[in-house]
Amino acid sequence: MKKKIAILGSTGSIGTQALEVIEEHSDLYEAYVLTANRQVDLLIEQARRFQPAQVVIADDSLYEYVRDALADQPIQVYAGADALCQVVQNDEVDIVLTALVGFAGLRPTVAAIEAHKQIALANKETLVVAGELVTQLAMEMRAAILPVDSEHSAIFQSLMGEQSEIEKIILTASGGPFRQCSLDELKHVTPAMALKHPNWDMGAKITIDSATMMNKGFEVIEAKWLFGVEADNIQVVVHPQSIIHSAVQFRDGAVKAQLGVPDMRVPIQLAFSYPYRLASNFDRLDWYHMQNLTFEEPDLEKFRCLSLAFEALRLGGTMPCVVNAANEIVNLAFRQGRCSFLQMPQVIAETMQHAIFIAKPSLDDLFQADAEARRIADELLASNS
Ligand code: NDP
């Protein structure tokens, strides 16, 4: 029996690579649900090619366009954020790949967990915002969360077969395009410069988060919830070559790491096939010609977003949700030329100071904290411009 996969965000960087994996292993997997936000033409093309049972266009103003374009196909077309939560609960779905970006991933991920689905989790914002609630719920519902983020997949792979406690997680970071820039040079960074990641070809939002290193901060939070390790035991190490995808140090001092050519199809495929590994024709490491592998400490003065994420994790409660919301606002504003590179951490830090703090938030509290933090960050941006 083929496994039926719901891909939330099939038109994005992770989503399209997941479809490549499904195509390569079409004897094992089928795309049962495809979803997009606004890229209708790509969604329609994917639907015609992969013949899912259902598609969802999240932006409901585009519903009629998609419905009409697929009228000759045996495909059900839905629209809106609620539809994302409904399709993942379909009895036929085995695996839900959360490859949509931002806070929008939280509700459908919770819905999928409530329906006991296996989660292939790319949408890190879900665990940043609601890590405690989501991991608790996944345990109660016996829904496995398999990491797709390459670092977390590497940690997961390093833990395969281990029974012992983790002493420390070594979370590697490429350092992004501005690793060697001075603080002064960062003042003049443009969106075009920040959108050029040295090693990975990803969606726009995560590429900017990588340039500020907020992405690494989010991954620290994600690692805490996925692997139950406190912030003090997660060490970020800058490794510009992105060959070692992350590592785990055990109580006897032994370190296990996972290495490979940077290619997101490897962790995507493993999240589908676990506990087995499937054959692939992806590039292999070329050991005789591999450049030097180097390691550095991150510069927290230059990359203040990383320390803000650590601070939010230590404070807990609604604070990571506040940081995520403020970050989504400044990230978009930066891409649209309404905020400078160094203003991003400044607005996030000020939003953290102004937001109401709840130590043990419910899911509803998190939705309110998200809305409030967005409003504060927007006001701060407006008052600074
Ligand atoms: P992209 O921006 O490339 O794709 C995002 C997808 O989500 C698109 O299909 C988009 O639709 C859809 N989408 C956007 N907003 C909404 C919304 N409000 N409601 C429903 N769907 C929406 O992102 P990536 O693929 O780069 O990243 C996806 C997630 O995976 C992120 O959380 C990211 O942090 C994580 N991740 C990504 C990695 C990568 O290599 N790209 C690596 C590790 C983690 P549309 O195309 O119509 O806009």
Side-chain angles (χ1 to χ4, degrees), residues 118-122 124 126-128 131-132 134-136 138-139 142-175 199-200 213 215-264 266-278 280 284-285 287 290-298 300 306-307 309-314 316 320:
Q118 175 176 325
I119 311 293
L121 187 118
K124 64 188 80 185
T126 290
L127 290 185
V128 170
E132 187 165 5
V134 167
T135 48
Q136 181 71 37
M139 257 188 335
R142 296 177 193 278
I145 301 183
L146 293 155
V148 167
D149 224 338
S150 61
E151 292 77 1
H152 303 76
S153 180
I155 295 161
F156 183 76
Q157 291 177 62
S158 302
L159 290 170
M160 276 155 90
E162 292 290 343
Q163 307 286 334
S164 309
E165 241 170 70
I166 299 172
E167 185 173 82
K168 186 167 88 174
I169 282 176
I170 296 106
L171 194 69
T172 54
S174 71
N199 304 341
W200 298 97
M213 289 196 78
N215 181 51
K216 206 48 55 181
F218 283 171
E219 289 179 5
V220 170
I221 302 177
E222 191 184 0
K224 175 195 161 115
W225 295 116
L226 283 174
F227 306 110
V229 174
E230 291 306 319
D232 290 343
N233 299 328
I234 303 173
Q235 182 178 14
V236 174
V237 176
V238 176
H239 165 49
Q241 298 80 20
S242 297
I243 296 293
I244 297 180
H245 298 310
S246 277
V248 176
Q249 181 172 305
F250 295 94
R251 62 205 302 199
D252 58 355
V255 177
K256 275 170 75 178
Q258 187 257 331
L259 288 72
V261 175
D263 187 334
M264 285 309 297
V266 177
I268 293 169
Q269 179 169 297
L270 185 66
F272 292 166
S273 69
Y274 180 80
Y276 306 105
R277 288 183 189 272
L278 301 177
S280 85
R284 273 29 180 185
L285 284 178
W287 289 89
M290 206 161 19
Q291 51 185 314
N292 289 339
L293 300 185
T294 59
F295 307 94
E296 300 161 20
E297 198 175 336
L300 295 181
L306 179 55
S307 44
F310 263 106
E311 193 183 325
L313 178 57
R314 291 198 175 97

Do side-chain atoms of His239 reach the backbone of Thr294 as a donor and acceptor pair under 3.5 angstrom?
-> yes

Would one find more than 12 heavy atoms of other residues, nucleotides or ligands at under 6.0 Å from atom CD of Glu132?
no

Heavy-atom closest pair (Gln269 atom, Ser280 atom, distance to 0.1 Å) is NE2-CB, 4.1 Å

inquiry  = Is it the case that the side chain of Asn199 and the backbone of Pro240 share a donor-acceptor pair, with hydrogens and angles ignored and the cut-off at 3.5 Å?
reply    = yes

Just by distance, with hydrogens left out, do Ser153 and Gln157 show a side-chain donor and acceptor under 3.5 Å apart? yes

**Message:** Around atom CZ of Arg251, are there more than 12 heavy atoms from other residues, nucleotides or ligands closer than 6.0 Å?
**Reply:** no

(request) Could you tell me whether the side chain of Trp225 reaches within less than 4.5 Å of the side chain of Ile145, counting heavy atoms only? (result) no

| So, does Gln241 use its side chain to make a donor-acceptor pair with the main chain of Asn292 at under 3.5 Å? | yes

Here the pair of heavy atoms bringing Asp149 nearest to Lys124 is OD2-NZ, 3.0 Å

Q. Do Glu311 and Arg314 pass the salt bridge (Lys or Arg N to Asp or Glu O under 4.0 Å) test, and can you show the C-alpha distance, the side-chain angles, and the key distance before you say yes or no?
A. CA-CA 5 Å; Glu311 193 183 325; Arg314 291 198 175 97; over 6 Å; no

Note: Ser307 and Leu300 closest approach over all heavy atoms is OG-O, 4.0 Å

Please evaluate residues Leu121 and Glu222 with respect to the criterion side-chain contact (heavy atoms from CB on, under 4.5 Å), reporting the C-alpha separation (whole Å), side-chain torsions for both, the decisive distance (0.1 Å), and the verdict. CA-CA 10 Å; Leu121 187 118; Glu222 191 184 0; 3.7 Å; yes

* Would you say Lys224 and Val229 make side-chain contact, with heavy atoms under 4.5 Å? -> no

d(Ser242 OG, Leu259 CG) to nearest 0.5 Å is 11.5 Å

Could you tell me if the side chain of Gln235 sits less than 4.5 Å from the side chain of Leu171, heavy atoms only? no

Next item on the list: Evaluate the side-chain contact (heavy atoms from CB on, under 4.5 Å) criterion for residues Phe310 and Val236: first the C-alpha distance (whole Å), next the side-chain angles of each, then the deciding distance (0.1 Å), finally the verdict.
Entry: CA-CA 11 Å; Phe310 263 106; Val236 174; 4.1 Å; yes

Distance col, row Leu146:CG vs Ile119:CD1, nearest 0.5 angstrom, shows 9.5 Å

Note: Val238 and Ser174 closest approach over all heavy atoms is CG1-O, 3.8 Å

- Under a 4.5 Å cut-off applied to non-hydrogen side-chain atoms, are Ser246 and Gln258 in contact? no

So, do Asn233 and Ile166 sit near enough that their side-chain heavy atoms are less than 4.5 Å apart?
no

Sidechain-backbone polar pair: Asp252 side chain, Ala254 backbone, donor-acceptor under 3.5 Å | yes

- Query: Do the side chains of Met290 and Ile243 get nearer than 4.5 Å, heavy atoms only?
  - Reply: yes

Evaluate Ile170 against Val248 for side-chain contact (heavy atoms from CB on, under 4.5 Å), listing each step before the verdict.
CA-CA 6 Å; Ile170 296 106; Val248 176; over 6 Å; no

>> Test side-chain contact (heavy atoms from CB on, under 4.5 Å) on Phe272 and Leu270; report intermediate values, then the result.
In response: CA-CA 5 Å; Phe272 292 166; Leu270 185 66; over 6 Å; no

Closest non-hydrogen contact found for Thr172 with Glu151 is O-CG, 3.7 Å

Under 3.5 Å, which donor-acceptor pairs link side chains of residues 158-165 to any protein atom two or more places apart or in another chain?
unit_1, atom_1, unit_2, atom_2, d
Ser158, OG, Ala154, O, 2.8
Ser158, OG, Lys256, O, 3.2
Glu162, OE2, Lys256, NZ, 2.9

TODO: Could you tell me how the ring of Phe227 sits relative to the ring of His152: parallel (under 30°), tilted (30 to 60°) or perpendicular (over 60°)?
DONE: parallel

Contact between Phe218 and Pro320 at the side-chain level, heavy atoms closer than 4.5 Å - yes or no?
no

Heavy atoms of Ala271 and Val148 approach each other most closely as CB-CG2, 3.8 Å

Rounded to the nearest 0.5 Å, the CD1 atom of Ile169 sits from the CD1 atom of Ile155 at a distance of 4.5 Å

